[in-house]
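Contents: one structure, followed by commentary.
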Amino acid sequence: MLDRVNYVAFITILNKEITRFLRIWPQTLLPPVISMTLYFLIFGKLIGSQISDMSGFSYMQYIAPGLVMMSVVTNAYSNVASSFFGTKFQRNIDEMLIAPVSNLVILVGFVMGGILRGLMIGLLVILIALFFTKLHVYNLFIILSVALLSSLLFSLAGFTNGLMANKFDDVMIIPTFVITPLTYLGGVFYSIHLLSPFWQELSKLNPVLYMVNAFRYGILGLSDVNIMVAMVMIIVFIVALFILNLALMQRGYGLRS
Amino acid sequence: MSALVVENLEKTYASGVHALHGISFVVKEGDFFALLGPNGAGKSTTIGIITSLVNKTGGKVRVFGHDLDTDLRNVKKQIGLVPQEFNFNIFETVMQVVVNQAGYYGVPTKIAKERAEWYLKKLGLWDKRNTPTRMLSGGMKRRLMIVRALLHEPRLLILDEPTAGVDIELRRSMWDFLREMNQQGTTIILTTHYLEEAEYLCRNIAIIDHGELIKNTNMRSLLDSLHTETFVLYLQEPLLDMPVLEDFTAHLIDHKTLSVDLSVGQQLNHLFELLSRQGVQVVRMRNKANRLEELFLRLTTKENHHAG
């Protein structure tokens, strides 16, 4: 049960996070809108027009769910990683650490900020996609739950990154060398059935594949993986990262001398 | 009741640096307490442990009866901290910084804004309430740190060099404000490099050096233990020869300035009488050095010699 102090502290952290990403919208909201517009234009419209249907859908329709999910997870991740590390770097994390606010509330406050930015970007990318193609709603519950759980998972991962980072480079390395390759190889632009059996099996180790396919299933009713397996995988990763983050905070890792 | 009890506090950092060697002291409720020591003495580590920013290696800390190990949440509620370094968000406005800080203590926005208005007006920052903090001058930032620490109305205010880099006029106004807070019941612990600040404000004092407590007493008895004071006398007319001053140790700084040491028991009246008899007129007089500064140097230098 959240007591009064923790409730007010949670609202404060969340409000601070929302204010932050809205204040710097040219850095947080505009770039994904521009890059996704280019993806739809180049991959969907120009190149996609030369590609035959994918399981009965145009290539533009096929890649749209993956592009939405790619935007959601990368933005949820970078929001929390950069915001938390920035707070740590400027030492204004001390404002929270000396106050009677629980570690759980600090974690949830930052993660909620990441989820909201991820979902806001997801909504904007869906609106852009609607300029280029028609999107179905095959299963609204799956769409909403996958978007929410994926942004939660990547917000938690961003928090871990922010907590462990010692310099700004550390916040950039993971998105550049881990998140981006995983999203590009996570079935955003192709079905893994196009790959040889070895690469198909290897792709199944990529957590982003499950998110992209689960989200695509919610919109188009198409998936390369079993939806139940996908949902279970996402939830397992969430629980693991949540426990890890809370344990690191309790130890004061990267926060207390 | 004691506001703060520190018992056998130990800290060894992961690097192996032994920062605190079992220091103990008590700060009474309502006190204005100076925690002094040279750079690297262990003052900031002590404050870090009390405010839970540094994990202690050993010892006990109790704040208004709440134990740091078993009742951390209630310990935190009692304390307001003004750290040495500016650590607020430079992109937020003055009002956002203070209201957010109050929020972490569970103070609702409406109440926080009312309190912020009072404190910001009191410390001359109200006109800057919508200014991003990075645009403030050094003195304004120092005052903002004090306001931020007070919004949840702590019973114990810890100030780690609150007036560093602040001009004397502003420093005096901050002293007045802190005295007022203390008179209203807030217990204050102050670390500072301006020793006249500690002498002017504090009633009790602890001096730490090399992680050890070398003095813990009240300010009056500490200053009384100083046996000699040096006075500088500014004279009406230039002197050609040194006047005869019997038991006083004196020397001419220049023809119109005389330096005289007064030991315990020697009286200024007697000195003036001697000077007057020889036709020497004094127009002005001042203490050559801050007395606490002299004591501080003597104590810490002595400790250094012992350590060496």
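Below, read A as the first sequence line, B as the second, and so on, with proteins coming before strands; counting in each chain starts at 1. Worth saying up front: this structure is predicted, and the values here are computed from it rather than measured.
Heavy atoms only, all atoms of each residue included: B:Gly106 and A:Arg4 are closest at O-NH2, 3.9 Å. Taking both residues in full, the closest heavy atoms of B:Tyr104 and A:Pro100 are given as O-CD, 3.9 Å, listed atom of the first, atom of the second, then distance.
Using a 4.5 Å cut-off between heavy atoms, B:Ile90 contacts chain A through both its backbone and its side chain. At a 4.5 Å heavy-atom cutoff, the contact between B:Phe88 and chain A is made by backbone and side-chain atoms alike. Looking at B:Val107, the atoms closer than 4.5 Å to chain A (heavy atoms on both sides) all sit in the backbone: N, CA, C or O. Heavy atoms closer than 4.5 Å to chain B are found nowhere in A:Arg20, neither backbone nor side chain. Heavy-atom distances place no part of B:Glu85 under 4.5 Å from chain A, backbone and side chain included.
In A:Arg251, the CZ atom is not crowded: 12 or fewer heavy atoms of neighbouring residues, nucleotides or ligands sit closer than 6.0 Å. Applying the 6.0 Å contact sphere to NZ of B:Lys28 captures no more than 12 heavy atoms from other residues, nucleotides or ligands. In the displayed structure, B:Met181 atom CE is contacted under 6.0 Å by more than 12 heavy atoms of other residues, nucleotides or ligands. No more than 12 heavy atoms of other residues, nucleotides or ligands shown are found within 6.0 angstrom of CZ on A:Phe89. Heavy atoms from other residues, nucleotides or ligands lying under 6.0 Å from NZ of B:Lys113 number 12 at most. Counting non-hydrogen atoms of other residues, nucleotides and ligands closer than 6.0 Å to OH of B:Tyr13 gives a total above 12. Within a 6.0 Å sphere centred on NZ of B:Lys128, other residues, nucleotides and ligands contribute 12 heavy atoms or fewer.
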Item to complete: Would you sort out whether B:Gln96 and A:Asn15 count as a side-chain contact (heavy atoms from CB on, under 4.5 Å), showing the intermediate values?
Response: CA-CA 11 Å; B:Gln96 282 171 332; A:Asn15 184 42; over 6 Å; no
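For the ring-ring contact (aromatic ring centres under 6.0 Å, His included) test, no residue two or more places apart in sequence or in another chain qualifies with B:Phe91.
For the atom pair CD (A:Glu95) and CG (B:Asn87), the distance works out to 6.0 Å, reported to the nearest 0.5 Å. Expressed to the nearest 0.5 Å, how far OG1 of A:Thr19 lies from CG of B:Asn100 amounts to 8.0 Å.
Among the candidates A:Ile93, A:Ile98, A:Asp94, A:Ile11, the residue making the largest number of heavy-atom pairs closer than 4.5 Å to chain B is A:Ile98. For the options B:Gly48, B:Ala14, B:Ser52, heavy-atom pairs under 4.5 Å to chain A are most numerous at B:Ser52.
A side-chain donor-acceptor contact under 3.5 Å links B:Lys76 to the backbone of A:Leu97.
Contact of the A:Val5 side chain with the B:His152 side chain is not registered, since no non-hydrogen atoms from C-beta on lie closer than 4.5 Å.
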